[in-house]
Amino acid sequence: MNLSDWRTEYDKYNLHEENLPSLPLDLFRLWFDKAVEDLNPEPNAFILSTVSADLQPKSRVVLLKEIEAAKFVFYTNYSSQKGQDLQTNPKTSMLFFFPFSQRQIRIEGKVSKLSREKAVEYFASRPVESQVSAMASSQSRIVKREALIEKAAELRNAGNIVCPEDWGGYAIEPHYFEFWQGQPGRLHDRIIYNLDPHSHWEQYRIAP
Ligand SMILES: Cc1cc2nc3c(=O)[nH]c(=O)nc-3n(C[C@H](O)[C@H](O)[C@H](O)COP(=O)(O)O)c2cc1C
């Protein structure tokens, strides 16, 4: 493995201020549609970072399931590591990487929990195997594989599938976006949208 010689030239798109929408969510939607068109794998997967009570940053992939009222929605187990982190510190960072579009989007925002009704509604729309897994898994706790499989089988056979109390959605309300577009010679484009105290999105460019 020789990592030092691994280099990609970025020359696919550019990012000019004069063509940009005034709202970051509009640009997010444009880039998301382009990511789909460019056949990026799992474009709704993003890296969610949280900070635990002992100030340790932690990152993992989750799936964006909806954008509602300008908030980014994902579903998880509230008792998981990320759930515990968000209980003490609701600040999050989201990262979308669309390699086939040579683009990255960084978003910062605060989470709030979605209602129990929302969780039940979304849970009901999931495939049965996903429902069983959510019920069987005490996410982030130590477990034996055999015990997990056994528990899932028991639940499946009992047929009593209900949305677990500690399973549900979070909505991230963003206050900062960075759109990164790879450019030739590493002179990349980086455009920031930052929500000012008057709830206005200021827009500026930062150095690559
Ligand atoms: C492609 C992909 C999608 C995932 N989607 C989710 C998701 O939507 N919700 C979730 O809780 N975990 C999801 N995971 C698993 C998480 O990355 C992580 O393992 C899990 O949530 C436990 O994280 P935690 O211990 O930090 O709480 C996904 C993983 C991958 C690789």
Side-chain angles (χ1 to χ4, degrees), residues 25 28-29 31-149 151-152 155-156 161-174:
L25 206 49
F28 179 88
R29 289 184 199 280
W31 276 32
F32 189 86
D33 290 346
K34 199 61 162 170
V36 174
E37 199 182 306
D38 287 344
L39 303 179
N40 284 276
E42 301 208 60
N44 66 327
F46 68 92
I47 295 164
L48 172 79
S49 298
T50 55
V51 177
S52 63
D54 62 354
L55 301 185
Q56 173 63 53
K58 294 180 190 277
S59 301
R60 78 288 284 161
V61 175
V62 295
L63 297 178
L64 178 67
K65 284 293 163 185
E66 199 184 355
I67 300 177
E68 203 195 57
K71 295 180 191 171
F72 292 80
V73 171
F74 68 95
Y75 288 86
T76 193
N77 183 308
Y78 289 140
S79 307
S80 64
Q81 178 66 51
K82 74 182 89 48
Q84 292 174 41
D85 295 354
L86 293 170
Q87 187 76 29
T88 48
N89 180 357
K91 291 181 178 178
T92 59
S93 157
M94 306 168 68
L95 174 73
F96 291 85
F97 177 41
F98 303 136
F100 295 171
S101 312
Q102 303 173 347
R103 286 174 168 171
Q104 165 181 257
I105 307 174
R106 293 163 64 171
I107 303 170
E108 293 170 11
K110 268 194 179 172
V111 293
S112 52
K113 276 187 184 174
L114 291 181
S115 66
R116 172 76 183 156
E117 293 73 48
K118 261 299 230 190
V120 170
E121 185 189 318
Y122 175 64
F123 187 84
S125 76
R126 304 179 84 206
V128 170
E129 279 312 308
S130 307
Q131 295 176 336
V132 168
S133 300
M135 288 179 76
S137 168
S138 299
Q139 197 176 51
S140 315
R141 303 261 167 80
I142 293 177
V143 72
K144 287 208 170 12
R145 178 91 196 151
E146 308 77 60
L148 189 60
I149 290 172
K151 193 166 171 198
L155 289 163
R156 207 178 295 113
I161 309 283
V162 283
C163 178
E165 286 293 333
D166 64 352
W167 190 93
Y170 284 105
I172 300 177
E173 185 169 9

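Just so it is clear, the values below take in all heavy atoms, side chains as well, and ignore hydrogens, waters and symmetry mates. First listed ligand is number 1; within each ligand, the first listed atom is number 1. Count residues from 1 along the sequence.
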Open item on the list: Tell me whether the NZ or CZ atom of Lys113 lies within the 45° cone about the ring axis of Tyr78 and under 6.0 Å from its centre.
Closed with: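 That pair qualifies as a cation-pi contact.
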ask   = Do the rings of Phe28 and Phe96 sit parallel, tilted or perpendicular, given the 30° and 60° boundaries?
value = perpendicular
**OP:** Give me the ring orientation class for Phe98 and Phe32: parallel if the planes are under 30° apart, tilted from 30 to 60°, perpendicular past 60°.
**Re:**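 Ring orientation, 0 to 90° scale: perpendicular.
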| request: Could you list which atoms of ligand 1 come closer than 4.0 Å to a heavy atom of Ser140? | output: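 Counting from 1, the qualifying ligand atoms are 24 (P), 25 (O), 27 (O).
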(message) I'd like to check which ligand 1 atoms, numbered from 1 as shown, lie under 4.0 Å from a non-hydrogen atom of Thr76.
(response)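 Ligand 1 atoms under the 4.0 Å threshold to Thr76: 10 (C), 11 (O).
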Is Ala45 in polar range of ligand 1, meaning some N or O pair under 3.5 Å apart?
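It does not: no N or O of Ala45 is found under 3.5 Å from an N or O of ligand 1.
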Kindly confirm or rule out an N or O of Asn77 lying under 3.5 angstrom from an N or O of ligand 1.
no
So CG of Asp166 and OG of Ser80: to nearest 0.5 Å the spacing works out to 8.5 Å
### Exceeds 12 heavy-atom contacts within 6.0 angstrom, atom CD of Glu173
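No, not enclosed.
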Exercise. May I ask whether Gln139 places a heavy atom under 4.0 Å from ligand 1?
Key: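 A heavy atom of Gln139 does come that close to ligand 1.
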Margin query: Looking at ligand 1, would Tyr75 count as a contact under a 4.0 Å heavy-atom criterion?
Written below: yes
ask   = Would Thr76 and Gln139 satisfy side chain to side chain donor-acceptor pair (under 3.5 Å), going step by step from the backbone distance to the final call?
value = CA-CA 9 Å; Thr76 193; Gln139 197 176 51; 3.2 Å; yes
With a 4.0 Å heavy-atom cut-off (strictly under), which part of Glu42 contacts ligand 1: side chain, backbone, both or neither?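 The answer is the side chain.
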In this structure, atom 8 (O) of ligand 1 is nearest to the protein heavy atom Leu63 N, 3.0 Å
Closest to atom 21 (O) of ligand 1 among protein heavy atoms sits Lys82 NZ, 2.6 Å
Q.
As a check for students: among Leu48, Val61, Asn44, identify the option with a heavy atom nearest to atom 14 (N) of ligand 1.
A.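 Going through Leu48, Val61, Asn44 one by one, Val61 has the nearest heavy atom to atom 14 (N) of ligand 1.
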Candidates Leu86, Thr50, Val62; heavy atom nearest atom 5 (N) of ligand 1 found on Val62
Notebook entry, point to check: Under 4.0 Å between a Lys/Arg side-chain N and an Asp/Glu carboxylate O for Lys71 and Glu68?
Noted result: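 Salt bridge absent between Lys71 and Glu68.
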Under 4.0 angstrom from atom 19 (O) of ligand 1, is there any protein heavy atom?
no
Between Pro174 and Ile107 the two heavy atoms that sit nearest each other are CB-CG2, 3.5 Å
